[in-house]
Q: 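Structure below; questions to follow.
Numbering of ligands and ligand atoms starts at 1, following listing order. Just so you know, residue 1 is the first one in the sequence shown, and it goes up from there.
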Amino acid sequence: MEFKAVIFDLDGVICSTDKYHYIAWKQMADNLGVYFDEIINNRLRGVSRMESLEIILERYEGSLCEEKKEKLAEEKNNIYKELLKQMSEKDLTEEVKNTLDTLRAQGKKLAIGSSSKNAKFILGQLGLGDYFDAISDGTNISRSKPDPEVFIKAAEFLGLEESKCLVVEDAKAGILAAHNGGFKSAGLGEAADSELVTYPLKTFSDLLNI
Ligand code: BG6
Ligand code: MG
């Protein structure tokens, strides 16, 4: 590949946290008495925690003050963090680990570009706590995808220009963020169908054929 570095989204790319997000949002929504299902959950992929809450509240009759919204997001995150404790090195697939190791052996810099404020905890659970050369996540950004801030910061942490870094995403919002930041991108799942994706991938290890 022509790139010097690869910046990976975390949730849905390096690992699968969808089911934990779903269970946690579902429990919060049930407690609040608001309808929530897997189809609505799909709209939350790549979206920040507070924006996800706003999407869920589209079904809520009435209005809530900011303080109550913060409480609801905290309630969801506490349930989510409890669930994340079940994650371990077993949740890192051989395919992902081997692909990362091969890219590293080729001399590529490897970074994370995730909207999640739980990214470092998740990486620790997967046994990747010290693996990446740089981590840009929900704790160092003020605007979430499709804003490119998280990827621009990752490139900055690596000390590389955008054109030298490839972004890997599973969400269309993430591909748009990469595009907005001047990055080329590789897309998995729904992101492979984005009109803006540079390299649609069938599976993670296809990265090695770019
Ligand atoms: C993204 C997920 O990676 O992180 C979203 O795709 C999630 O679903 C977002 O809402 C924020 O995550 P967290 O862990 O900070 O609530
Ligand atoms: Mg994702």
Q: Do the side chain of T93 and the main chain of V96 share a donor and acceptor less than 3.5 angstrom apart?
A: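 Yes, the answer is positive, given that a donor and an acceptor are paired below the 3.5 Å cut-off.
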
Q: Under a 4.0 angstrom heavy-atom cut-off, which atoms of ligand 1 come close to S52?
A: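 With S52 as reference, the close atoms of ligand 1 come out as 10 (O).
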
Q: Remaining members of I175's ILVMFWY cluster at a side-chain heavy-atom cut-off under 4.5 Å?
A: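 Besides I175, the cluster holds L176, L196, V197.
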
Q: If you count the atoms of ligand 1 from 1 in the order shown, which ones are under 4.0 Å from a heavy atom of N118?
A: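 Counting from 1, the qualifying ligand atoms are 13 (P), 14 (O).
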
Q: Salt bridge check: are E156 and K153 linked by an N-O gap of less than 4.0 Å?
A: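 No, E156 and K153 are not salt-bridged.
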
Q: With ring centroids as reference points, do Y80 and F121 lie under 6.0 angstrom apart?
A: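 No, too far apart.
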
Q: Would you call K172 and D193 a salt bridge, using N to O less than 4.0 angstrom?
A: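 Looking at K172 and D193, the cut-off is not met.
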
Q: Counting only nitrogen or oxygen atoms and a 3.5 angstrom limit, does R49 reach ligand 1?
A: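 Looking only at distances, the answer is yes, because the N/O contact criterion of under 3.5 Å is met.
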
Q: So, using side chain to side chain contact (heavy atoms under 4.5 Å, CB included) as the criterion, who are the partners of K26 when residues are at least two apart?
A: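 K26 satisfies side chain to side chain contact (heavy atoms under 4.5 Å, CB included) with Y22, D30, F36 only.
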
Q: Taking the side chain as C-beta and beyond, is there a heavy-atom pair between W25 and I79 under 4.5 Å?
A: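 No - every pair of side-chain heavy atoms lies 4.5 Å or more apart.
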
Q: For atom 6 (O) of ligand 1, find the nearest protein heavy atom and state the residue, atom name and distance (0.1 Å precision).
A: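 Going atom by atom, the protein heavy atom closest to atom 6 (O) of ligand 1 ends up being G46 N, 2.8 Å.
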
Q: Take every heavy atom of L10, measure it against each atom of ligand 1, and state whether any distance is under 4.0 Å.
A: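 Judged by the 4.0 Å heavy-atom criterion, L10 does not count as contacting ligand 1.
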
Q: From atom 7 (C) of ligand 1, work out which of V47, D11, L84 has a heavy atom at the shortest distance.
A: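 Among V47, D11, L84, the closest heavy atom to atom 7 (C) of ligand 1 belongs to V47.
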
Q: What distance do L207 atom CG and L188 atom CG have between them, rounded to the nearest 0.5 Å?
A: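 If we round to the nearest 0.5 Å, L207:CG and L188:CG are 7.0 Å apart.
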
Q: Closer than 4.0 angstrom, basic N to acidic O: yes or no for E75 and K71?
A: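 Salt bridge between E75 and K71, a charged N being under 4.0 Å from a carboxylate O: no.
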
Q: Treating Q125 as the side-chain partner and L84 as the backbone partner, does any N or O pair qualify as donor plus acceptor under 3.5 Å?
A: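 Yes: the side chain of Q125 pairs with the backbone of L84.
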
Q: Which one of D137, V13, L44, T17 has a non-hydrogen atom at the shortest distance from atom 8 (O) of ligand 1?
A: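 It is L44 that holds the nearest heavy atom.
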
Q: Can you sort out which atoms of ligand 1 are near Y80, meaning under 4.0 Å from one of its heavy atoms?
A: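 With Y80 as reference, the close atoms of ligand 1 come out as 14 (O).
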
Q: Taking only residues two or more places apart in sequence, or in another chain, which ones meet S88 in a side chain to side chain contact (heavy atoms under 4.5 Å, CB included)?
A: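 So S88 forms a side chain to side chain contact (heavy atoms under 4.5 Å, CB included) with K90, D91.
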
Q: Determine whether any heavy atom of G138 lies closer than 4.0 Å to an atom of ligand 1.
A: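 Contact check G138 vs ligand 1: negative.
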
Q: In the protein, how many N/O/S atoms are under 2.8 Å from the Mg ion (ligand 2)?
A: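 Under the 2.8 Å cut-off, the count stands at 3.
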
Q: Should the proximity of S116 to ligand 1, defined as any heavy atom under 4.0 Å, be assigned to the side chain, the backbone, both, or neither?
A: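 The answer is both.
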
Q: If you have a sec, work out which protein heavy atom is nearest atom 15 (O) of ligand 1 and how many Å separate them, to one decimal?
A: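 It is K117 N, 2.7 Å.
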
